[in-house]
Amino acid sequence: MSNSLAQQLARPELLAMTPYQSARRIGGSGDIWLNANESPFAETEPSYNRYPEFQPDALIENYSRYSQLTPEQVLASRGADEAIELLIRTFCIPGQDSITICTPTYGMYAISAATCNVAVNTVPLTDSWELDPQLTDKLNGSKLLFICNPNNPTGSTLTPQQLEPIVAKLSQQCIVVVDEAYIEFSPELSMASLIKQYPNLVVLRTLSKAFALAGLRCGFMLANQGIIELAKKVIAPYPIPAPVAEIASERLTEAGVQIMKEHVAELNQLAAKFKEQVSVLEGVSNVYSSGANFILIRFNDQRWFNALGEAGIVVRNQSNVATLENCLRFSIGSRSEMKRLIETLQQIAKQQAA
Ligand SMILES: *Cc1c(COP(=O)(O)O)cnc(C)c1O
């Protein structure tokens, strides 16, 4: 039964609740639409005087084709960030339930939990950034386990062979949320094809990274229908603006996906070259392997971040994160940006050696 675990774990008040019946959701047929207090003045082309579809058909259809799932297994959201919050609001009772995260990882799981008064149970990654071998025994009753793969900010990766036994073991007790924001850079690691098999598996996706649409704010929750239906009770009545759906649908056609793949191939190449060039520099202690479009590098001290800043290059300082002392996270930019970055790093290395 794909619904039973989701219903067992959901906040009980949601089960009986009927979602807000927006005019669009109720629908209807006719040629005069006077049911949603919209304006009749369609001034622009395309016009935006009407509310958008609750889950725009073309968008859901195109993403389900891309992810090889059914439309019932796809929910579009205002970025993956909104999907994270939706999951917490759907399953976690404030002041009572908890989520589990494996640190260091993406910061929004803990922030979203905190804003919902939901506790965060932390099970740190090992020194080599693998999952704690006893992870499934350390959940303290959490309803949601967040695993980011490839992981931000470490770039480290887990294989489906490593993840599936965890999902299987927790199939009666906990929803495993695999955040695949960067999966296009390591597509072979995706868990999406296992959704059919596991009612407790959720995969999060976004158009913000490989699809080059961060400004659009469009993400997806992939899961069995039981979970998607519950999240549809919690999400806003018109979550996807019409222009967003139009642009996103276009970029999710076969031609759009092909362009994304070409960009990914180029960025992966640039990442490999950068890794090679930066590894030989004096003062670079560790260049971590990454399955994403960024590379985490540990330096010998704090001066690198400031020197880069003085050269006008802005990177993400991770030094304040536990176990990431002297680590900087570099996004992979364009060819010319990476050229200037490596030249600047070479210069800093030289100055520090002098
Ligand atoms: C960027 C990122 C997100 C947020 O994605 P949006 O769709 O832009 O909200 C979620 N998870 C991880 C791991 C990210 O790095």
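Quick note: residue numbers are just sequence positions, from 1. Just follow the structure's listing: the first ligand is 1, and inside any ligand the first atom is 1.
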Next item on the list: Indicate whether any N or O donor in one side chain lies under 3.5 Å from an N or O acceptor in the other, for Gln318 and Glu325.
Entry: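 No, no side-chain donor-acceptor contact under 3.5 Å.
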Next item on the list: Answer with yes or no whether the side chains of Tyr63 and Arg205 bring together a donor and an acceptor at under 3.5 Å.
Entry: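 Yes, side-chain donor-acceptor contact under 3.5 Å.
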Next item on the list: Specify side chain, backbone, both or neither for Ala181, according to which of its non-hydrogen atoms lie closer than 4.0 Å to ligand 1.
Entry: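 Side chain only.
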Next item on the list: Using a 4.0 Å heavy-atom threshold (strictly under), name the region of Arg217 that reaches ligand 1: side chain, backbone, both or neither.
Entry: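 Near ligand 1, Arg217 shows its side chain, while the N, CA, C and O stay back.
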Item checked: Identity and distance of the protein heavy atom lying nearest atom 15 (O) of ligand 1 ->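 For atom 15 (O) of ligand 1, the nearest protein heavy atom is Tyr182 OH, 2.7 Å.
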Looking only at heavy atoms of [X], does any of them come nearer than 4.0 Å to an atom of ligand 1?
X: Glu82; value: no
X: Cys148; value: yes
X: Gly219; value: no

Using distance alone, determine whether [X] and ligand 1 share an N or O pair under 3.5 Å.
X: Asp81; value: yes
X: Ala80; value: yes
X: Asp179; value: yes
X: Lys209; value: yes
X: Asn152; value: yes

Item checked: More than 12 heavy atoms from other groups under 6.0 Å of CD on Glu38 ->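 Counting neighbours around CD of Glu38, more than 12 heavy atoms of other residues, nucleotides or ligands fall under 6.0 Å, so yes.
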Margin query: Please determine whether the number of non-hydrogen atoms from other residues, nucleotides or ligands lying under 6.0 Å from atom CD of Glu343 exceeds 12.
Written below: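 Atom CD in Glu343 is packed in, count exceeds 12.
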Next item on the list: Over 60° means perpendicular and under 30° means parallel, so classify the ring planes of Tyr182 and Phe185, tilted if in between.
Entry: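 Aromatic pair Phe185/Tyr182 classed tilted.
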Margin query: Once you measure the plane-to-plane angle for Trp129 and Tyr288, does it fall in the parallel (<30°), tilted (30-60°) or perpendicular (>60°) bin?
Written below: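 It falls in the tilted class, 30° to 60°.
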Check: Can the ring centroids of Phe274 and Phe330 be said to lie less than 6.0 angstrom from one another?
Finding: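 Yes.
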